[in-house]
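Shown next, in structure tokens, is the structure this report addresses.
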Amino acid sequence: MVLEFLDQLLTVDIGGTSFTLTSFLFAGIAMAIGVIIARVVRSVFNKRFAPTMSEHSAKNTSKFLYYGIIIITFLVVITSQGIDLSGLIVAGGIFGVVIGFATQSVVSNLISGFFLMIEKPAKIGDLVEIQGMNVMGTVVDMTTFSTKIRIADGTIVRIPNDKVFTSNIRSVSGSSIRRMEKVVGIGYAEDIEVAKSAIKKALAEKIPYILIEPEPSIIVEELADSSVNLKVIVWHPKEHWVKVNPVILGVIKEALDKAGIEIPFPQRVVEVHNKP
Amino acid sequence: MQNYETKKGYGIFQLKDSKFECNLLDFKIEVTSIADDKFSYSRSNNGKNIVSKVITSKSSQVQIEIAPILPQNLPDKITNYTMLTFNETLQIQKQSNTKFDLLYPTEIGVFAVFGEGDRSLIECFSGDPSTSRYGMYGSPEDGVLCKCFRVSLDGNQKQNPFIFSKLSVNFQNETDNDVSLSKLVFLSTNHDVFYKSDDVVTEGINCVIKETMGNKFAEINPQTTESPSGLTVSPRIDAKTSEQFTMDKGFT
């Protein structure tokens, strides 16, 4: 009785559709139930399924479920109120074309982000290099629109997903070990085998992170202008790059110094001819 | 139970007059009680301090256990797999068994033993850090990263119990061809280490070489034998596992 009375008092006509207090109440309750269901689903997903998924996939799927349920609820409520959505669809189509042109890059990033989620070329925590953009660092976040990478100086670079998707991604975390190559030059008068032996011995003694299987290899890379260039190839566990790279050249130099092997400076032979 | 006067070897030691000292290889280990619930720990080499710690405990009753542990923690703990590469290639005749006693490196663990036997690792170190290296079993793309040790098949080597333990390996070749082996890979957490003051034994390994569809592989399992008599089981850092490892990426 009371509701009927209030309905008669509070009836609003919008675009030919009448809205009563009861319909507003129904819409409000339905939306509230939709939000509660969305939260429960998100909570159950986060507890039951998210721990078995990668961090960024779990986060994005959780958002997709939450907002998906709310949007569906909203559409159901709108339709239940007698609002005809066909007009909106036509208007939305035209509006969509306009918005599409205006937000081309946003949509591109969104779709790229979606495909990155499916393809998973890298995951959070991986050390990657985005080739062509000169960015190398650890992936800290992969969202729908962008990928954030922490580079060596501690700053974070945000790269739009369409650029990540269309770039070559070099993942350093794909294998448990990494190869490192360094070139060192020795004098032409030096014994190559003695130099190789001194370097191998020093690497084995001084840098415990260098693998003994496959063992370090040293090859003559070039008979250069001033030196015989030796390429030292070592393998190390991927996480120990920071413990090998800063010290390896110092260890090699110290070993060659101890063995009395010259690391020559660039040399040029100058012939002087006296004019008659 | 020994007291600190022993000053040598593995064992469980009590603090006497709030102090414990032990000389082990080139290291000097000192533990001093600095309060009812705190004590200091230091390890030095020729007077040069290497490690210094202050440890707190719920109990005022603290003992120190020095024991050999699996060599998986140094220089960093990144894998539970071990690869032994033999100095000599081992050739095993078809359909035959053979047994070797190898010297397998150990690390030395120093534990605080509180009240009812709760143990806390204070630190671990190696008597010969040059043995602590890594290696890859298989290719860099899909291999298994292991702690890697070079060992000799010569069973007459002298054992320093602060650097090596005895590891018994049974090889069984079930194939119809002779097999050459120069490496052995196993999951180290499958194994316990046993010790007494001057002797260390690591639980042995069974290596059974088989052939299926022309592919040779080796099944590696721990030996299921009882604890050696008179030896104490070392404290573990990781829980014991019982997973079989299959060497299917070659034996040489």
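Fair warning: this is a prediction, and the values are worked out from it, not measured in the lab. Lettering follows sequence order; numbering is per chain, from 1.
A 6.0 Å sphere centred on CZ of B/F217 holds more than 12 heavy atoms belonging to other residues, nucleotides or ligands. Other residues, nucleotides and ligands contribute only 12 or fewer heavy atoms inside 6.0 Å of the CZ atom of A/R150. Within a 6.0 Å sphere centred on NZ of B/K77, heavy atoms belonging to other residues, nucleotides or ligands number more than 12. By the neighbour-count criterion of 12 heavy atoms within 6.0 Å, atom NZ of B/K240 is densely surrounded, having more than that number from other residues, nucleotides or ligands. Counting non-hydrogen atoms of other residues, nucleotides and ligands closer than 6.0 Å to OH of A/Y188 gives a total above 12. For NZ of A/K196, the number of neighbouring non-hydrogen atoms (other residues, nucleotides, ligands) closer than 6.0 Å is greater than 12. Environment of CG in A/N134: sparse, with no more than 12 heavy atoms of neighbouring residues, nucleotides or ligands closer than 6.0 Å.
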> Could you go step by step and tell me if B/M136 and A/S176 meet the side chain to side chain contact (heavy atoms under 4.5 Å, CB included) rule?
Replying inline: CA-CA 9 Å; B/M136 195 77 174; A/S176 55; 3.3 Å; yes
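Contact count against chain B (heavy-atom pairs under 4.5 Å) is highest for A/P237 among A/P214, A/P237, A/S175. The residue among B/P129, B/S132, B/P140 with the most heavy atom pairs within less than 4.5 Å of chain A is B/P140.
With a 4.5 Å cut-off on non-hydrogen atoms, B/S130 does not touch chain A at all. Neither the backbone nor the side chain of B/T79 comes within less than 4.5 Å of any heavy atom in chain A. A/H236 does not touch chain B: none of its heavy atoms, backbone or side chain, sits under 4.5 Å away.
Listed here is the closest heavy atom pair of B/R133 and A/I207: NE-O, 4.4 Å.
The CG atom of B/L145 lies 7.5 Å from the CD atom of A/E239; values are rounded to the nearest 0.5 Å. Note that CD1 of B/I78 is 5.0 Å distant from NE2 of A/H240, once rounded to the nearest 0.5 Å.
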